[in-house]
There are 2 protein chains.
Amino acid sequence: MSRSRQPRRQATLASIAAELKISRTTVSNAYNRPDQLSADLRDRVFEVAKRRGYAGPDPMARSLRTRKAGAVGVLLTEALSYSFRDPAAMAFLSGLSEACESAGQGLLLIPAGPGRADEEAAQVVHRASVDGFVVYSVPPGDPYLAAVLERHLPVVACDQPREIESAPVVGIDDRRAMRDLAAHLISLGHREIGMLCMRLGRDRHDGVVDVTDLGAEHFHVQRERILGVQDAMRQGGLDPAGLTVVERFTHTSDDGYSAAAQISAVAPRITALMCTTDVLALGALRWAQEAGLDVPGHLSITGFDGIDEALREGLTTVRQPQKDKGRRTGELLLAAPSHTGVPAVETLDTQLWFGKTSGPVESAEWYAE
Amino acid sequence: MSRSRQPRRQATLASIAAELKISRTTVSNAYNRPDQLSADLRDRVFEVAKRRGYAGPDPMARSLRTRKAGAVGVLLTEALSYSFRDPAAMAFLSGLSEACESAGQGLLLIPAGPGRADEEAAQVVHRASVDGFVVYSVPPGDPYLAAVLERHLPVVACDQPREIESAPVVGIDDRRAMRDLAAHLISLGHREIGMLCMRLGRDRHDGVVDVTDLGAEHFHVQRERILGVQDAMRQGGLDPAGLTVVERFTHTSDDGYSAAAQISAVAPRITALMCTTDVLALGALRWAQEAGLDVPGHLSITGFDGIDEALREGLTTVRQPQKDKGRRTGELLLAAPSHTGVPAVETLDTQLWFGKTSGPVESAEWYAE
DNA sequence: GTGAAAGCGCTAACAG
DNA sequence: CTGTTAGCGCTTTCAC
């Protein structure tokens, strides 16, 4: 016997009002403007509501009427199922959720996986009941992003180039941070530098990257980090074209492992392996250990992000305030839309973090003057 | 000069129809039933829509009319900002999002943080535009959970006791898994066992737990895991009351570290430290290393979950299919609500995973017969 | 304090 | 293929 004897038809504001022989307005007020009716009547309303299994005004009807969804849409780079395994993305969401939580706003994750035709992708976005969007590190030309822009709702981006006109952007100076880290390594005597990066473009590619052809069609962040290293090389008198970069389409520690193995075969003389993310670096570190290499004696390895595990492992990396980025992005979105003309660009600070995986080139006397 | 010259008032289905001098139905059909009008007319509709910045039928109005929100609500144990740092919760979400993604459903994370009065909490849940809820490991008596139940929408729970009447539950047999792991340790000669667990109840408590008083008001999962160890002790001829358990309210690796330090002071004779989660175990491991203990020589340490990092570290643990749990939970929710009377209870398999952090008690000859 | 009226923007029969 | 009709359930002036 089912205990949950539901009414045939869910109760509505009107049916509650009818039962109490009062107007719908009054019932509505009971929920939205307690001061507009007597406490006594209000209690009677709730009592009937409870008995009829009415949990308050229907959210959808309410949203339609008030033109507020009470949620912000989040567009992430990757399929959700992957994103949840990406520590950096999670730290971002953590900060974002803080902002939303304190504003009582929900977070609607857009199911923006690959393998959806453009039209379908647009539909998924067009049908999201949200008051605005947060866009996190989405590649140029992404159909979901295009659809977001079509909604004409407030948008705030993070880790995104300024391509989104009139949308505030939160981020860091990826290029400068990476340049500084590379400059440090070069000052330590490194002359042959290798890099591991995650996917640069929308299409699958695993392997060596042509560093002389890094167009804007690439993922902004990855591209900037590579350019940063090249900046440092140039400044240090090295040939930026001599940089070897190996790309992985997916982004796991295992990818870092295999990419490290690959780059060591392709460019065996490198003494420094700079990874564009900590996840890759952690995998590379594991490879180096298993390959019997001394880190940093034989090979310096660096990361980027400053995820917990990397810090615990003592990885040399760039710490970036992921959580703050998320929080700030949320705050910007939730704040009254500033019609002050030019949208904000907020660049947060990063910090070079010297762990135990980087050091001077061993037997680097050759290079000494 | 602002490039986004928005129309004073957003375009609507009706205004598009008016401009084209056709009926609203036809415009609606252009979006929802392409086969109901000529391709030519459809294109004209889209053209006008594009020019007017109309991104398709308003999601809220659409939801009201169709009585479908196109999203499932997710209620997590903790504040969102914390949950995003919990690998097990993320693996669950990852699986859940897979199910939702392939059904084109969004995931609406309910901002169910602490520090909201009960009435406010109810409101947050009552106002969520969703077609159903997923409830993940929420403590008994939680006001958000109560509010979810009041909505009379489909609900599927995971890692939850059967308290939610008429809702399917997905989970594992925590108690048996832990019993088996404990039995293994006991067979290895361990007689003094300690445990580290995460929060057992809604109130803050850090420190030693009274294991003779584990009531139903506690978190289901944590409680079951402790009871499992006690089962094994009983079976092994040990006194279950002799189990020392240290609890931590928050759940980070650092908590594991400090809890391990604490238990070693309180119960210095333990030779096995069983943690109810990998996160805690990883912290305990770190403490043991820094304390100069040999693991497993001096102390065996075990975890629970099978998160990536734990497996990489070679932790002895129980692997549970977190992602599958999420996926299955989503599938159950998205499937046509089975009115077959008794709600499903799905218990997924776990696997004992023997790493290098557990072993026989050293100099255990004393115990040999 | 309470109620009547007027939609929010859309979809789903159904009839042409 | 296209249009007419009838609401979905609610909030919000504005009077009473």
Side-chain angles (χ1 to χ4, degrees), chain A residues 7-45 48-49 52-70 123 126-131 151-153, chain B residues 7-45 48-49 52-70 123 126-131 151-153:
Chain A
R8 252 197 193 303
R9 180 72 168 287
Q10 261 293 9
T12 69
L13 207 56
S15 71
I16 303 283
E19 175 161 347
L20 280 163
K21 298 197 199 311
I22 57 179
S23 91
R24 305 190 331 251
T25 308
T26 304
V27 180
S28 174
N29 282 339
Y31 287 95
N32 301 315
R33 304 178 169 183
D35 52 312
Q36 296 294 294
L37 36 50
S38 64
D40 181 56
L41 180 53
R42 185 162 187 247
D43 286 343
R44 274 162 54 215
V45 170
V48 172
R52 305 265 309 256
Y54 181 72
D58 180 281
M60 299 165 201
R62 178 171 221 278
S63 287
L64 172 58
R65 188 58 239 240
T66 61
R67 312 265 58 208
K68 294 236 153 309
Q123 196 162 287
H126 287 163
R127 292 188 175 176
S129 286
V130 297
D131 300 320
R151 286 288 297 269
H152 297 298
L153 288 174
Chain B
R8 249 192 198 303
R9 180 71 166 287
Q10 260 295 10
T12 68
L13 207 56
S15 72
I16 303 282
E19 176 162 346
L20 281 163
K21 296 199 201 311
I22 57 179
S23 92
R24 298 181 345 240
T25 305
T26 304
V27 180
S28 174
N29 282 340
Y31 288 95
N32 301 316
R33 305 177 168 182
D35 52 312
Q36 296 293 294
L37 36 50
S38 64
D40 181 56
L41 179 52
R42 185 160 188 249
D43 286 344
R44 275 163 52 216
V45 170
V48 173
R52 305 266 307 256
Y54 180 72
D58 181 280
M60 299 165 201
R62 178 171 221 279
S63 287
L64 172 59
R65 188 57 239 239
T66 61
R67 312 264 58 208
K68 297 234 153 306
Q123 196 162 287
H126 287 164
R127 292 188 175 177
S129 287
V130 297
D131 300 319
R151 286 288 296 270
H152 297 297
L153 288 175

Task: Straight-line distance of A:Gln36 CD to A:Ser28 OG, nearest 0.5 Å - done: 10.5 Å
- [ ] With heavy atoms under 4.0 Å as the rule, sort B:Leu37 into base, sugar-phosphate or nothing.
- [x] sugar-phosphate
TODO: Rounded to the nearest angstrom, tell me the gap between atom CD1 in A:Ile16 and atom P in D:dT11.
DONE: 13 Å
Open item on the list: Heavy atoms from C-beta onward define the side chain here; which of C:dG9, D:dG9, D:dT2 lies closest to that of A:Asp58?
Closed with: D:dG9
Task: Touch class at under 4.0 angstrom, heavy-atom based, for A:Tyr31 against every strand present - done: nothing
Task: Residue mapping more 5' on DNA chain D - nearest nucleotide basis, B:Leu64 or B:Asp35 - done: B:Asp35
Shorter than 3.5 Å, N or O on both sides, protein versus nucleotides 14-16 of chain D: list them out with atom names.
none

Task: Atom-to-atom span, CZ of A:Arg67 to C1' of C:dG7 - whole angstrom - done: 12 Å
Task: Short side-chain N/O contact from B:Arg62 to OP1 or OP2 of C:dT11, under 4.0 Å - done: yes
Task: Distance in Å, A:Arg65 CZ paired with B:Met60 CE, rounded so as to fall on 0.5 Å steps - done: 13.5 Å
TODO: Verify the contact: side-chain N or O of A:Thr12 to OP1 or OP2 of D:dG9, cut-off strictly under 4.0 Å; return yes or no.
DONE: no
Task: Spacing of B:Leu13 atom CG relative to D:dG3 atom C1', expressed in whole Å - done: 13 Å
TODO: Measure across A:Ala11 and A:Ile16 and return the closest heavy-atom pair with its distance rounded to 0.1 Å.
DONE: CB-CD1, 4.2 Å
Task: OP1 or OP2 of C:dG3 under 4.0 Å from side-chain N/O of A:Thr26 - done: yes
Protein-nucleotides 12-16 of chain C N/O pairs under 3.5 Å:
unit_1, atom_1, unit_2, atom_2, d
C:dA12, N6, B:Thr25, OG1, 3.1

Open item on the list: Rounding to an integer number of Å, can you tell me how far B:Gln36 CD sits from D:dG3 P?
Closed with: 13 Å
- [ ] Compare every heavy atom of B:Leu41 with every heavy atom of B:Ile22, then report the nearest pair and how far apart it is.
- [x] CD1-CD1, 4.3 Å
Open item on the list: Rounding to an integer number of Å, can you tell me how far B:Lys21 NZ sits from D:dT2 C1'?
Closed with: 16 Å
- [ ] Could you tell me the separation between the CZ atom of A:Arg127 and the C1' atom of C:dC10, rounded to a whole number of Å?
- [x] 12 Å
- [ ] Might you point out which heavy atoms bring B:Asp131 and B:Gly70 nearest each other, and give the distance in Å?
- [x] OD2-N, 2.8 Å
TODO: Would you mind reading off the distance between B:Met60 atom CE and D:dT11 atom C1', rounded to a whole angstrom?
DONE: 15 Å
Task: Distance in angstrom units between B:Arg44 CZ and D:dC1 C1', rounded - done: 13 Å
Task: Considering all heavy atoms, the nearest B:Thr26-B:Leu37 contact - done: O-CD2, 3.3 Å
TODO: Would you indicate whether the side-chain heavy atoms of B:Arg24 and B:Ser15 approach each other to under 4.5 Å?
DONE: no
Open item on the list: Between B:Arg67 and A:Asp58 (salt bridge meaning N to carboxylate O under 4.0 Å), is one present in this structure?
Closed with: yes
Open item on the list: Distance check, rounded to the nearest 0.5 Å: A:Arg62 atom CZ versus A:Tyr31 atom OH?
Closed with: 12.0 Å
Open item on the list: Between B:Arg42 and B:Asn29, do the side chains contain a donor N or O and an acceptor N or O under 3.5 Å apart?
Closed with: no
